[in-house]
Amino acid sequence: VGRWEHKTQAVSQVFGSSRAACYCLGAVILLLNCVRSHCFTEAMKSQPKLEGWDWHWTYYSGLAISAVGTLFVISSFLALGFTGTFLGDYFGILMEEKVTSFPFSILDNPMYWGSTAIYLGWSLMHASPAGLLLTAVVAISYTIAVLYEG
């Protein structure tokens, strides 16, 4: 959608402005993220656990990984703002300068990897092999997105 908008400005024309279009797309992305997280959770709940991993150390390791992922996601959002997070550059909404502060000073694409870490942590907390498999799918999807966006 972002690349299509960049080439045609069709979404901005439908919504009457690039900001309105970007906010609408951001809302759709947030909604789809909620659906994805719900489906992820339901898949984990409906599948058997790895009994050997259903220990306190696995749970607390998963909790720590999720906390770091949440830190990366929230700090990325705060550094970029709504339009910076949700493809504003494709709508011609550019930031004044490249963001290099935390968490971008630690790694590239911290929102993608933070989100992946949240799913990994959630999977470990629930000792879920289905969650680990789905986390791998998320990581592969984000890797492809980074290659495509880069």
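Here the structure is a predicted model, which means the values were calculated and not measured.
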Exercise. Is it possible for you to say whether Leu63 and Trp113 belong to one hydrophobic cluster, with membership spreading through side-chain heavy-atom contacts below 4.5 Å?
Key: yes
Exercise. Answer yes if the side chains of Ser123 and Thr135 hold a donor-acceptor pair under 3.5 Å, and no otherwise.
Key: yes
Quiz prompt | Ile93 side chain reached by Leu87 side chain, heavy atoms, under 4.5 Å | solution = no
Exercise. Could you tell me which non-hydrogen atom of Ser66 sits nearest to which non-hydrogen atom of Met125, and how far apart they are?
Key: OG-SD, 4.2 Å
Quiz item: Of the non-hydrogen atoms in Thr8 and Gln13, which two are nearest, and what is the gap between them?
Solution: O-NE2, 4.0 Å
Quiz item: How far apart are the closest heavy atoms of Ala117 and Gly69, and which atoms are they?
Solution: CB-CA, 3.8 Å
Quiz item: Under 3.5 Å, is there a donor-acceptor pair between the side chain of Ser37 and the main chain of Cys34?
Solution: no
Quiz item: Is there a chain of hydrophobic side chains (I, L, V, M, F, W, Y, each step under 4.5 Å between heavy atoms) that links Ile106 to Leu78?
Solution: no
Exercise. Please tell me if the side chains of Trp122 and Ile65 come closer than 4.5 Å, counting only heavy atoms from C-beta onward.
Key: no
Quiz item: Atom CG in Leu80, atom CE in Met95: separation rounded to 0.5 Å?
Solution: 5.5 Å
Quiz item: Got more than 12 heavy atoms from elsewhere within 6.0 Å of OH, Tyr59?
Solution: no
Self-check item: Considering all heavy atoms, the nearest Ala130-Gln47 contact
Solution: CB-CG, 3.6 Å
Quiz prompt | Worked verdict on Ser115 versus Arg36 for side chain to side chain contact (heavy atoms under 4.5 Å, CB included) | solution = CA-CA 12 Å; Ser115 178; Arg36 176 182 66 180; 3.5 Å; yes
Quiz item: Mind checking whether Phe86 and Phe77 have side chains closer than 4.5 Å, heavy atoms only?
Solution: yes
Practice problem: Determine, step by step, whether Leu107 and Phe72 satisfy the side chain to side chain contact (heavy atoms under 4.5 Å, CB included) criterion, reporting the C-alpha distance in whole Å, the side-chain angles of both residues, the deciding distance to 0.1 Å, and the verdict. | Solution: CA-CA 10 Å; Leu107 73 155; Phe72 282 146; 3.6 Å; yes
Quiz item: Are any non-hydrogen side-chain atoms of Val73 and Ser76 less than 4.5 angstrom apart?
Solution: no
Quiz item: Would you say Phe102 has more than 12 foreign heavy atoms packed within less than 6.0 Å of its CZ?
Solution: yes
Quiz item: In terms of hydrophobic clustering (I, L, V, M, F, W, Y; side-chain heavy atoms under 4.5 Å; direct or indirect links), are Phe15 and Tyr90 co-clustered?
Solution: yes
Quiz prompt | Pairwise distance CZ(Phe104) to CG(Asn109) - rounded to 0.5 angstrom | solution = 8.0 Å
Exercise. Evaluate the side-chain proximity of Leu124 to Leu132: yes if any heavy-atom separation is below 4.5 Å, no if none is.
Key: yes
Exercise. Compare all side-chain heavy atoms of Tyr23 with those of Thr83 and state whether any distance is below 4.5 angstrom.
Key: yes
Quiz item: For the residue pair Trp53 and Trp57, does the interplanar ring angle fall in the parallel (under 30°), tilted (30 to 60°) or perpendicular (over 60°) class?
Solution: tilted
Quiz item: For the atom pair CG (Leu134) and OG (Ser128), what is the distance rounded to the nearest 0.5 Å?
Solution: 7.5 Å
Practice problem: Flag the pair Phe91 / Gln9 as yes when at least one side-chain heavy-atom distance between them is below 4.5 Å, and no otherwise. | Solution: no
Exercise. Report whether Ile144 and Leu32 are members of the same hydrophobic cluster (ILVMFWY, side-chain heavy atoms less than 4.5 Å apart, transitive linking).
Key: no
Exercise. Would you kindly confirm whether Val11 and Phe82 end up in one hydrophobic cluster when ILVMFWY residues are joined by side chain heavy atoms under 4.5 Å apart?
Key: yes
Quiz item: Any idea how Tyr119 and Phe40 line up, ring-wise: parallel (<30°), tilted (30 to 60°), or perpendicular (>60°)?
Solution: tilted
Quiz item: Hey, are the side chains of Val35 and Cys39 touching, using non-hydrogen atoms and a 4.5 Å cut-off?
Solution: yes
Quiz prompt | Residue pair Glu5 / Ser12, side-chain donor-acceptor N/O under 3.5 Å | solution = yes
Quiz item: Where do Thr70 and Ile118 land on the side chain to side chain contact (heavy atoms under 4.5 Å, CB included) test, with the steps shown first?
Solution: CA-CA 6 Å; Thr70 301; Ile118 292 168; 3.7 Å; yes
